[in-house]
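Below you'll find the structure, written out as structure tokens, and then a few comments.
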Amino acid sequence: MKKQEDTGGLARSERRRRMRTFSAVLLRLALGLSFLSAVADRFGWWGSFGQRNVAWGSFARFVAYTARLNWFLPQAMIPPLAVLATCVELLLGLLLVVGWQTRIAAACSGILLITFGLSMTAALGLEAPLSFSVFSAAGGSLLLATCSSFPYSVDELLGRAATLPEGGRRLA
């Protein structure tokens with residue numbers, strides 16, 4: 001009877017390990033590709049404004065949206081902020097997709113998304129960031145930053161993935 005329990009425990013343990021691996025990879029790719037998709041939309045790579053599933057369709061429309069969300073900033077700061085946001089999202093998207101400096105990229109993504117969600121809330125109301133799952137993505141980013149390893153990533157290839165053991169504490 002004891003041997004059967006051990007075998008069942010090992011099977012459960014293996015299923016949990018596989019689920020952690022799948023979840024970490026899925027979350028990393030979903031977040032990274034979402035950032036890259038938003039950047040692509042700003043440059044019209046998904047089509048023109050008005051087409052299905054196109055939010056901006058041009059960088060000028062994105063700058064206008066940036067101004068709407070950041071109504072409290074001087075107008076002169078809006079274009080540089082739009083460029084900065086685009087560059088940061090491009091960098092974070094690439095880092096997450098390839099899995100390099102994943103923990104830092106995930107933490108920075110969480111901070112960026114929380115800031116974005118709060119700006120959306122102040123400018124458009126609470127429904128907007130909730131409908132676009134901004135806070136869910138922020139939570140996912142912060143959760144990804146706590147993962148003990150990053151399977152199928154550059155970090156794993158470079159041996160950086162094991163900087164946190166399973167318990168989540170830094171190695172001495």
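Source: prediction; values computed, not measured.
- Ser141 approaches Ser109 most closely through the heavy-atom pair OG-CB, 3.6 Å.
- For the residue pair Ala137 and Leu31, the shortest heavy atom distance occurs at O-CD2, 3.7 Å.
- Atom SG of Cys87 sits about 11.0 Å away from atom CG of Leu92, to the nearest 0.5 Å.
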Atom pairs and distances, donor-acceptor, side-chain atoms in residues 50-69, under 3.5 Å, two or more places apart:
unit_1 : atom_1 : unit_2 : atom_2 : d
Gln51  : OE1    : Ser48  : N      : 2.7
Ser58  : OG     : Arg61  : N      : 3.3
Thr66  : OG1    : Phe62  : O      : 2.9

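- Interatomic distance, Leu113 CG to Phe132 CZ, rounded to the nearest 0.5 Å: 14.0 Å.
- By the 4.5 Å heavy-atom criterion applied to side chains, Cys108 and Ile104 are counted as neighbours.
- Across every non-hydrogen atom of Val39 and Glu89, the tightest pair is CG2-CB, 3.9 Å.
- Between Leu95 and Thr102 there is no side-chain heavy-atom pair separated by less than 4.5 Å.
- Considering every non-hydrogen atom in both Asp155 and Gln101, the closest pair reads OD1-N, 2.9 Å.
- Residues Leu96 and Ala106 approach most closely at CD2-N, 4.0 Å, considering heavy atoms.
- Tracing side-chain contacts under 4.5 Å through hydrophobic residues (I, L, V, M, F, W, Y), one reaches Val83 starting from Leu36; they form part of the same cluster.
- For Trp46, there are no ring-ring contact (aromatic ring centres under 6.0 Å, His included) partners two or more places apart in sequence or in a different chain.
- A distance of 11.5 Å separates CH2 of Trp100 from CG of Leu94, quoted to the nearest 0.5 Å.
- No continuous path of hydrophobic side-chain contacts links Val25 to Leu142 [ILVMFWY only; heavy atoms under 4.5 Å].
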Discussion item. Phe35 vs Val88, test: side chain to side chain contact (heavy atoms under 4.5 Å, CB included). Steps then yes/no.
Written reply: CA-CA 9 Å; Phe35 279 130; Val88 168; over 6 Å; no
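- To the nearest 0.5 Å, atom CZ of residue Phe43 and atom OG1 of residue Thr86 are 5.5 Å apart.
- Atom CZ in Arg28 sits 10.0 Å away from atom SG in Cys147 (nearest 0.5 Å).
- When hydrophobic clusters are built by joining Ile, Leu, Val, Met, Phe, Trp and Tyr residues whose side-chain heavy atoms come closer than 4.5 Å, directly or via intermediates, Leu144 is grouped together with Val97.
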Without placing hydrogens or testing angles, list every side-chain donor-acceptor pair under 3.5 Å for residues 118-129, not counting sequence neighbours.
unit_1 : atom_1 : unit_2 : atom_2 : d
Ser119 : OG     : Thr115 : O      : 3.2
Thr121 : OG1    : Gly117 : O      : 2.8
Glu127 : OE2    : Ser131 : OG     : 2.2

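- Each of Arg18, Arg12, Arg16 was checked for a salt bridge (Lys or Arg N to Asp or Glu O under 4.0 Å) with Glu14, and the lone residue meeting it is Arg18.
- The shortest distance between side-chain heavy atoms of Glu156 and Pro151 falls below 4.5 Å.
- Atom CG in Leu27 sits 6.5 Å away from atom CG in Leu143 (nearest 0.5 Å).
- With contacts defined as side-chain heavy-atom distances shorter than 4.5 Å, the pair Phe116/Ile114 does not qualify.
- Placement of Phe72 and Met77 within a single hydrophobic cluster is found when ILVMFWY residues are connected by side-chain heavy-atom separations under 4.5 Å, directly or transitively.
- Of all heavy-atom pairs between Tyr152 and Thr21, the closest is CE1-CG2, 3.8 Å.
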